[in-house]
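Structure record follows, encoded as structure tokens.
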Amino acid sequence: MGKNNTKSWFREIALVCFFLSGASGLMYEVAWNRMLGLTFGNTIFASSTVLTAFMSGLALGSYISGRYADRISKPLRIYAFLEIGIGIYCIFIPLSIKLLQGIYIPLQRSMQLSFYTFSLVRFVLVFMLLLIPATFMGATTPFFSRAYVRIGERFGHGIGRIYSINTFGAFAGVVASGFFMLENLGVRRTIYTAVVINVIVAVVCLLIDRRPMGKTKPDKVEENKESIPLSSGQRKVFIALLIGLGVSGFAAMVYELAWIRILAMILGSSVYAFSIMLATFLVGLALGSILFSFIVKWKAPNLLWFGIVELTIGVIVVVMLPLFGRMPFYFVDLFDRFGYNHIALEISRFFMAFSVMILPTVLLGSLFPMVTHICTRDYRELGRRVGSIYSVNTLGNIGGSFITGFVLIPYIGIQNSVLLGATLNILVACGIFLVYDTPKLTRRIAASAASLVILIALIFTIPTWDKMIISSGASVYAPKYADIKDKERELAMSGIGEELLYYKEGIETT
């Protein structure tokens with residue numbers, strides 16, 4: 001009994017460590033976004049670079065460590081060494097970014113590169129710099145998962161706890177760094193705080209690893225000694241899910257970067273915008289996964305579920321677009337109510353932006369566990385199947401991060417980028433409805449056609465943002481607008497009586 005109690009305590013301490021690990025990882029991400037905003041001179045290129053490097057590193061680290069985690073006798077020790085490696089490497093990132101200027105600035109002067117080409121050169125250099133610590137971060141999860149199960153936790157329940165704890169730790173890291181630490185400590189001290197967290201986590205885990213745990217009885221899992229080939233129907237479902245999840249991962253990054261840009265225009269701070277977006281996505285992913293785990297207890301998902309969720313995501317994103325256009329009014333109203341209390345004002349602004357983005361992010365959070373569950377139920381080669389699902393989804397994230405930041409927003413604008421993401425979700429739904437195995441082909445065609453009709457109707461009925469309102473600087477000029485009555489305030493912010501001569505959503509600003 002005493003040994004079981006000891007194991008229980010060690011499990012809880014290990015979970016606290018993984019919570020702190022998730023927090024430190026997102027502290028780095030927010031700090032890097034701030035630093036690169038100064039390096040690149042704009043929010044979108046910086047955010048695109050950080051997100052692309054972060055996603056690529058997580059995928060690469062998880063893939064590499066996943067191949068070796070089961071073979072290591074001391075996975076918690078490897079996890080601790082990875083945490084130390086992250087901390088040591090990240091200490092030198094501010095200096096390394098400065099040293100990179102000694103490479104790309106002379107390159108620009110000698111080759112006379114265009115701004116866009118010069119930005120791509122900087123992207124490659126900074127991407128390679130950030131890829132290494134992000135890869136270490138991606139490698140921590142498989143090793144920690146293996147170690148946590150070895151400390152006496154049952155497999156299924158343990159993995160669920162690990163995912164949720166780490167995600168909520170990441171949320172805490174975003175809020176702490178984006179809204180408090182950068183303002184009060186600065187970028188370097190924020191990074192150093194995250195480094196200290198890495199070292200503390202590593203030391204605690206090494207101490208736990210030195211304690212004898214005894215042998216753990218794992219859950220009974222039915223092992224398949226032979227690979228079972230897929231039938232033609234199973235192969236069709238598997239391919240459809242992979243394509244759909246990859247496209248959905250691309251669309252998710254379109255939303256992230258577009259929302260960062262529009263919130264930066266309204267809030268007047270790229271750090272707050274980046275932090276609000278990241279916090280919303282993290283909470284949405286966690287809630288979506290939790291809700292799905294409850295729903296799946298009474299009904300097993302299938303391909304139709306995936307199509308319906310994709311359709312719903314696209315519809316909600318488009319329907320929510322006008323709310324972003326009206327958000328400057330809402331922020332001025334908040335200033336009118338909470339302007340006397342800075343903390344209350346910032347919290348209310350956070351939750352207002354959060355409420356606009358949370359529904360589609362919750363649905364996006366349900367997709368990965370849904371696809372995993374469908375594949376787990378249908379196929380017995382689980383390891384490679386789940387690996388394929390994760391890699392395709394992450395490749396979609398990487399492509400969406402890069403293309404949105406460097407192509408879509410500079411060339412087609414913020415609102416059109418969001419519409420393109422929603423279009424991709426709805427087109428995925430159309431394809432899923434066509435391949436879904438129902439008795440009648442006419443029903444599948446009708447469902448797919450109905451989705452297209454919904455898409456076309458939404459695109460032509462959703463109003464475009466009022467350019468005078470969206471660029472009115474509501475956050476900066478809120479005191480001026482708050483002193484005006486409601487109707488006059490709207491007229492003032494919409495620029496009635498003034499002529500809009502030029503509007504351009506450029507790479508650096510609007």
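A quick note: this is a predicted structure, and the numbers were derived from the prediction, not measured.
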Going by side-chain contact (heavy atoms from CB on, under 4.5 Å), name the residues that satisfy it together with S56, two or more places apart in sequence or in a different chain. T52, F127, L131, I398

Do the non-hydrogen side-chain atoms of V428 and F306 ever get within less than 4.5 Å of each other? yes

Side chains of F250 and I403: does their closest heavy-atom pair fall under 4.5 Å? yes

Donor-acceptor side-chain pairing of S248 and E310 below 3.5 angstrom: yes

Validation row: F171, L26 side chains within 4.5 angstrom (heavy atoms): no

Against L408, only a single residue in I414, V418, L420, N416 fulfils side-chain contact (heavy atoms from CB on, under 4.5 Å); can you say which? L420

Indicate yes or no: at least one non-hydrogen side-chain atom of S366 is less than 4.5 angstrom from one of V309. yes

Kindly compute the distance separating CZ (R34) from OG1 (T190), expressed to the nearest 0.5 Å. 10.5 Å

Across all chains, not counting sequence neighbours, the side-chain contact (heavy atoms from CB on, under 4.5 Å) partners of I88 are I84, F92

Within this structure, what is the OG1-CD1 distance for the pair T361 and I313, rounded to the nearest 0.5 Å? 9.5 Å

To the nearest 0.5 Å, atom CG of L99 lies from atom CD1 of I93 at 12.5 Å

Roughly how far, to the nearest 0.5 Å, is CD1 of I308 from CG of L363? 12.0 Å

Tested for side-chain contact (heavy atoms from CB on, under 4.5 Å) against L76, the lone hit among F143, F144, F81 is F144

Looking at Y28 and V195, would you say the former's side chain and the latter's main chain have a donor-acceptor pair under 3.5 Å? yes

Can you tell if the side chain of I409 reaches within under 4.5 Å of the side chain of T404, non-hydrogen atoms only? yes

Do the two ring centres, one from F406 and one from F123, sit under 6.0 Å apart? yes

Scan side-chain atoms only and decide if E83 and S21 contain a donor-acceptor pair under the 3.5 Å cut-off. yes

Name the residue from L455, N425, I432, I426 that meets the side-chain contact (heavy atoms from CB on, under 4.5 Å) definition with L311. I426

First locate atom CH2 of W259, then atom OG1 of T280, and finally report the distance between them rounded to the nearest 0.5 Å. 8.0 Å

